[in-house]
Amino acid sequence: MSTALKAAGLEKTFAVGKPLFGPPKGLVRAVRPTTLEVGTGETLGIVGESGCGKSTLARMLVGLLAPSAGTIEIEGEALNRADPAEFGRRIQYVFQDPISSLNPRKTIRQIMEVPLRRLHGMGRPAREQRIREIFDSVNLREEFLDRYPHEFSGGQAQRIGVARALAAAARILVLDEPVSALDVSVQAQVLNLLARLRGEFNLTYLFISHDLAVVEAVSDRIVVLYFGAVVESGPAERVFSTPRHPYTRLLAQSAPVPGRPLTAPEQKDTELPDPLNPPPGCAFANRCPRATDICRQEDPALRPMGGDQFAACHHPHEV
Amino acid sequence: MGSYIVKRLLSAVPVLLGITLIVFLIMALIPGDPATAILGSYATPENVERLNRQLGLDEPMWKQYFIWLGNLLQGDMGRSFALNRPVLDEVLDRFGATLVLAGTSFVLCALLGVLAGVVSAARQYGLADKAITFAVIIGISVPPFFLGMMMILLFAVRLGWLPASGMYAIYGGGDLPDLLRHLIMPALALSVVATGVIGRLSRSAMLEVLRQDFIRTARAKGVHERSVIWRHALRAAMVSIIPVLGIQAGFVISGAVYIEIVFQWPGVGRMLVDAILRRDILLVQGGVVVVAACYVMFNILVDVAQSLLDPRIKT
Amino acid sequence: MSAFLKLLFRNRLAGAGAVVLAIIVVLVLLTPVLPLQPPNVTDTADRFLRPFSEGHLLGTDHLGRDLLSRLLWGTRLSLAVGFAAAIVAAVLGAAVGIIAGYFGGRIDNTIMRGIDMLMAFPYILLALAIVAALGPGLMNALIAVAAVNIPFFARNIRGITVGLAGKEFVDAARLAGLGHGRILLFELLPNVVPVIVIAMSTTIGWMILETAGLSFLGLGSQPPQADLGSMLGEARSAMITAPHTSVVPGAMILLIVMSINLLGDGVRDALDPRLKSGALSRPMAATLVERERVPEARGEGLLDIQELQTQFHVGRRIYRAVDGVSLTLEPGESLGIIGESGSGKSVTALSVMGLVASPPGVITGGAARYKGQDLIGAKYPRLRSLRGDRIAYIFQDPLSTLHPLYRVGDQLAEAILSHHSVSKAEAMQRAVGLLEDVRIPNAENRARAYPHELSGGMRQRVGIAMALANEPDIIIADEPTTALDVTVQAQILALLDDLRRDRGLAILFITHDFGVVGQLCDRVAVMYAGRIVEEGPTAEVLDDPAHPYTARLIACVPELGQGRREMAAIPGLPPAVDNLPEGCAFAPRCDKATPACRAGDIPLAGTERRRVRCIHPETDVEAVA
């Protein structure tokens with residue numbers, strides 16, 4: 001399997017309270033150095049709660065945000081400048097809120113034509129042909145093309161969003177919470193469509209979500225983010241069934257499952273550390289039942305745990 | 001809190017500098033020889049010469065600005081050639097009258113406007129709402145100078161209830177009741193437009209707030225409807241009303257120019273218009289800078305009031 | 001466009017404004033060809049003629065000039081200058097605003113500092129300074145008025161642009177290969193234009209007024225040319241002897257500005273999409289009730305909801321959000337209502353205490369009886385005394401449901417003080433106790449915090465504490481954990497479960513999550529398109545769903561620990577509740593549907609314990625019991 005996307009030491013620091021002149025008041029490390037590799041045709045699930053940096057990471061991977069450090073390599077080619085047009089031919093983004101990702105004052109046809117014209121310089125007949133093909137493959141009727149975004153339901157709009165990503169002819173899609181705005185019955189329609197398209201066009205997915213069950217159902221591999229860094233990664237079928245990092249374990253236990261008695265899996269502090277003033281050691285230490293002194297002093301590195309699993313923990317759970 | 005006020009005061013310094021710069025640049029637009037423009041076409045060559053030196057008009061622009069600014073900071077705004085007295089003295093003499101007029105009007109329009117807005121929103125589509133909405137439309141459409149003239153015609157000329165002009169009676173006046181009698185008409189005429197604007201904004205701010213989830217929460221916990229409107233909703237609505245009060249204060253000061261002309265009120269506004277018509281440039285410059293600076297200070301008060309109301313404002 | 005005009009003229013005042021303005025504009029356009037006397041020819045013999053004099057319909061002014069002619073020529077000038085100033089200000093201001101808003105950062109900062117500087121002047125000072133420098137004259141007055149209005153447009157448009165620039169469609173356009181220039185022109189501008197039009201239509205009257213004002217002061221149009229302002233200014237000295245010379249131009253200004261303002265409001269309302277849905281209406285203190293029939297009391301349960309019907313009336317459309325829902329809640333019981341968005345589950349919950357926003361909500365039928373007493377028809381004082389006292393609510397998003405400007409302790413104390421006459425200090429003390437009950441550490445200090453200073457989980461604990469404040473019998477929880485992260489959700493659910501067991505609370509729990517229902521509820525009712533389609537003990541419904549909708553919905557939910565797989569989906573979409581099909585609302589999406597499903601009303605049938613609204617159920621609910 002060849003490598004579709006490789007990110008090495010990717011990092012993003014935001015300055016907060018920046019005055020007109022002079023240095024900012026503080027720095028927030030939204031994404032701490034992160035290394036990812038996704039093979040062609042693979043689906044990598046990215047899981048984390050709010051504030052874990054998953055959207056920042058995604059925006060860097062598609063060139064919408066310039067990383068503070070690190071490199072991105074797509075299909076063997078290094079893309080050193082955050083230029084969305086350059087990235088757009090190779091990697092596309094499907095947004096969480098399907099309606100707001102479509103310009104309310106444009107018809108669907110106008111929206112679909114932009115990537116064909118700007119990224120691939122197609123002429124009018126070629127564009128119409130291509131749009132027809134794409135709409136066919138995402139099960140949308142052609143008459144939708146002359147309507148405006150507000151005329152569509154969330155599920156339909158999300159399929160239009162996927163269609164637009166396909167129009168750019170990118171082989172990699174970053175799916176940022178693509179179904180969390182949708183009802184369950186519609187959610188499955190979109191997920192199944194994505195699965196079919198992946199097989200049909202040999203696409204590579206980065207699937208970002210806070211919903212563990214959805215991520216597990218669609219991914220080959222999963223990485224778990226906490227406070228801007230990867231804390232665990234591994235094959236989808238193992239990460240939540242045999243979590244090594246205490247945070248992953250907490251996540252897995254917190255997901256409501258009918259019939260499982262209600263016990264709050266942690267009783268300690270539930271707050272994330274202050275991003276302006278992060279603790280010296282492991283970011284999870286103040287919530288962790290296994291934390292010891294070393295956890296509060298030394299930030300653990302991601303290390304192999306066997307069975308293709310990696311975790312960044314001084315005291316990982318045993319299998 | 002104290003540190004917020006200090007911070008806010010410090011942040012006013014660049015704004016004040018900006019104001020002086022803008023005024024200076026606008027005056028630099030004056031075509032032809034500035035000294036002649038300032039002194040008028042009948043000025044003697046010696047006087048022109050002297051002013052040129054005094055203002056540093058033979059220097060480059062940026063240097064002229066700093067000379068002018070330096071003088072300004074020492075309270076020297078030059079002399080009004082028409083009145084033949086220092087600009088600062090004249091401006092300060094007139095300032096009190098404007099403050100009385102604009103201050104009264106501002107208090108009136110703030111109270112009446114917010115009251116009208118809250119009542120209107122609380123009774124949306126009711127009779128009171130319709131009446132207020134209609135009154136507001138007329139209020140924001142009527143030219144203040146025309147309104148003032150019509151008030152004089154009705155209350156001073158026809159009915160003879162109130163004096164038509166001036167700040168005090170020429171003979172035997174000068175006490176507070178006399179001032180109030182003279183103040184009623186101009187203050188009312190001046191507050192009408194701002195009352196309309198504030199009323200209309202307060203209404204929509206209240207409607208906006210009343211749809212918020214926390215109002216539903218207040219109702220769900222059994223808070224009296226009166227308290228829902230006048231405590232929960234009004235307090236939240238004030239967050240968007242207060243900045244408008246600050247802006248409207250500027251409109252009240254602006255309207256005062258017309259009202260002072262119509263009612264012959266001896267304030268800065270009338271002074272400015274007379275000065276422009278006489279091309280008394282230094283007096284215009286001085287008057288604009290002083291009033292603008294006061295307005296900046298007033299807006300700091302507005303910001304402080306806002307920060308007292310809204311704990312989310314920290315820095 | 002025609003839809004826009006229809007909306008515009010639905011507002012009668014705006015229509016009147018449009019008509020008046022149209023008449024004035026037509027008159028003004030025709031002025032050069034109308035048989036009028038020359039406006040500037042003086043005739044001192046005919047000074048101050050009264051209106052309706054021979055040959056002078058509106059009389060003459062102090063120089064004997066025909067007032068009607070001067071009025072029309074003056075109006076022409078005033079309108080032209082006002083419009084020109086508005087267009088200049090709008091174009092320049094919008095350009096500055098859109099650039100500042102889109103690029104943000106330093107560019108935005110620098111531009112907006114400059115704009116703030118201009119706004120630091122009361123507008124007339126700036127205008128006076130400009131006129132003082134350029135000299136009096138109509139053109140210079142136009143420049144001054146346009147200049148002082150640029151900051152207004154710039155600020156307004158910048159605000160809108162900042163909101164738009166953060167929208168995802170802008171990112172999508174960048175990824176589709178559009179550069180900044182094209183995004184500004186082709187993606188943002190079309191969205192900003194309505195706002196520019198609104199801002200213009202609401203300020204153009206103001207600008208006409210300002211130009212007239214400068215002319216009134218003698219700083220605008222110079223004699224013999226006259227606009228309305230200078231006519232009024234010239235007439236002022238003769239105000240007492242010949243008032244008509246003042247009244248005529250003054251009334252014209254008033255008429256023009258007022259018609260423009262009325263029209264402007266109409267344009268704003270017609271273009272502002274929020275108004276189309278009636279969203280700017282304020283909700284009344286209690287939901288409107290228009291019941292034709294009140295069902296007989298059954299004397300069941302602590303809370304007995306019978307055949308509840310709640311609708312939303314928007315224009316001529318009627319959305320049947322809740323269409324005949326009956327539910328019974330026993331003391332100490334936890335009943336879940338589950339459904340997808342638009343199923344009517346939240347509206348059912350809010351209807352009980354009259355908290356559905358009205359307008360547009362109307363309760364059109366049914367009853368909700370608390371201890372046998374009907375809440376739906378109850379007078380407001382009675383309803384208020386029960387709200388938060390006997391029946392309390394917990395809402396979804398704890399940031400928006402707490403008042404942002406009051407300390408959480410005060411908000412809790414208020415809940416107590418609304419129902420008990422205790423001292424403020426005692427209420428505060430109880431508030432701290434409540435915060436301890438919901439396991440907020442350091443409660444004494446947290447009581448003095450504002451909502452924005454707490455985390456999402458903490459805020460929801462405050463929300464729960466508020467619901468507990470008066471030891472109610474029933475808590476209605478409307479998706480209380482939906483906005484929270486999964487680890488926090490688990491804690492809140494555990495807390496709610498403990499509290500209800502300790503205090504014998506009855507809970508009506510609204511959710512879309514089967515996992516949550518499964519963990520917290522004794523019984524569950526499944527809603528679809530405003531009706532209950534299935535009801536029964538939670539475990540039975542989850543393990544053995546009877547309605548095809550329930551069965552297929554459960555199949556759609558992925559469960560953790562099952563690995564990678566194809567997921568079950570339900571084809572189609574839920575029906576719109578303003579256009580429900582006859583028969584079973586789920587029939588169009590159901591693979592078991594027969595013609596019988598699409599005809600007539602299908603009752604919720606079964607036993608007391610389990611009921612289903614289906615003629616082809618997956619299991620026989622009566623046999624299960």
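Per chain, numbering begins at 1; letters A, B, ... match sequence-line order.
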Structural part of A:D211 lying under 4.5 Å from a heavy atom of chain C
neither
C:E479-C:T511 side chain donor-acceptor pair, cut-off 3.5 Å:
no
Among the options C:G572, C:A173, C:G179, C:G457, pick out the one with the most heavy-atom pairs lying under 4.5 Å from chain A.
C:G572
Rounded at 0.5 Å granularity, tell me how far NE2 in A:H210 sits from OG in A:S50.
9.0 Å
For C:I570 and C:C556, work out which heavy atoms get closest and say how close.
CG1-SG, 3.8 Å
Between A:D83, A:N103, A:I111, the one whose heavy-atom pairs under 4.5 Å with chain C are most numerous:
A:N103
Which one of C:R182, C:Q489, C:R589 has the most heavy-atom pairs closer than 4.5 Å to chain A?
C:R182
State whether C:R113 and C:D108 are salt-bridged, where the test is any N-O pair (Lys NZ or Arg NE/NH1/NH2 against Asp/Glu carboxylate O) under 4.0 Å.
no
Proximal component of A:R164, with respect to chain C [non-hydrogen, under 4.5 Å]
side chain
If you count heavy-atom pairs within less than 4.5 Å of chain C, which of A:G51, A:S241, A:P115 leads?
A:P115
Parallel, tilted or perpendicular: rings of A:H245 and A:F284 (30°, 60°):
tilted
Any side-chain donor near an acceptor of the partner, C:T481 and C:Q460, under 3.5 Å
no
Chain A contact via C:D513 - side chain, backbone, both or neither, heavy atoms under 4.5 Å:
side chain
Is C:D522 salt-bridged to C:R500, going by a charged N under 4.0 Å from an acidic O?
yes
Interface residue of largest heavy-atom contact number with chain A, from C:R552, C:E187, C:K167, under 4.5 Å:
C:E187
Quick check on the interface: out of A:T43, A:L251, A:D220, A:V94, who has the most heavy-atom pairs with chain C under 4.5 Å?
A:D220
Side chain, backbone, both or neither: which part of C:Y549 has an atom under 4.5 Å from a heavy atom of chain A?
neither
Proximity breakdown for C:A172 and chain A, heavy-atom pairs closer than 4.5 Å
both
Will you find, in the side chains of A:E49 and A:Y247, an N or O donor that is under 3.5 Å from an N or O acceptor?
yes
Whether the A:Y93 and A:D176 side chains hold a donor-acceptor pair (N or O, under 3.5 Å, no angle test) is what I'd like checked.
yes
Given heavy-atom pairs under 4.5 angstrom as the criterion, report whether the side chain, backbone, both or neither of A:A252 touches chain C.
both
Side chain from CB out, backbone as N, CA, C, O: work out which of these in C:L553 comes under 4.5 Å of a heavy atom of chain A, or both, or neither.
side chain
Under 4.5 Å from any heavy atom of chain C, what part of A:Q187 do you find: side chain, backbone, both or neither?
side chain
Could you tell me whether A:R221 and A:E42 make a salt bridge, using a distance below 4.0 angstrom between a side-chain N and a carboxylate O?
yes
In terms of heavy-atom contacts, C:L188 and C:A165 come closest through CD2-N, 4.4 Å
For chain C, find which of A:G63, A:G88, A:P84, A:A85 contributes the most heavy-atom pairs closer than 4.5 angstrom.
A:P84
With respect to chain C, which residue among A:A188, A:S185, A:P235, A:A195 yields the maximal number of heavy-atom pairs within a distance under 4.5 Å?
A:S185
Greatest number of non-hydrogen atom pairs under 4.5 angstrom with chain C, of A:V218, A:V214, A:L191, A:L116, falls to A:V218
With a 4.5 angstrom heavy-atom cut-off, which part of A:A236 approaches chain C: side chain, backbone, both or neither?
neither
What part of A:A168 gets closer than 4.5 Å to chain C, counting heavy atoms only: side chain, backbone, both or neither?
neither
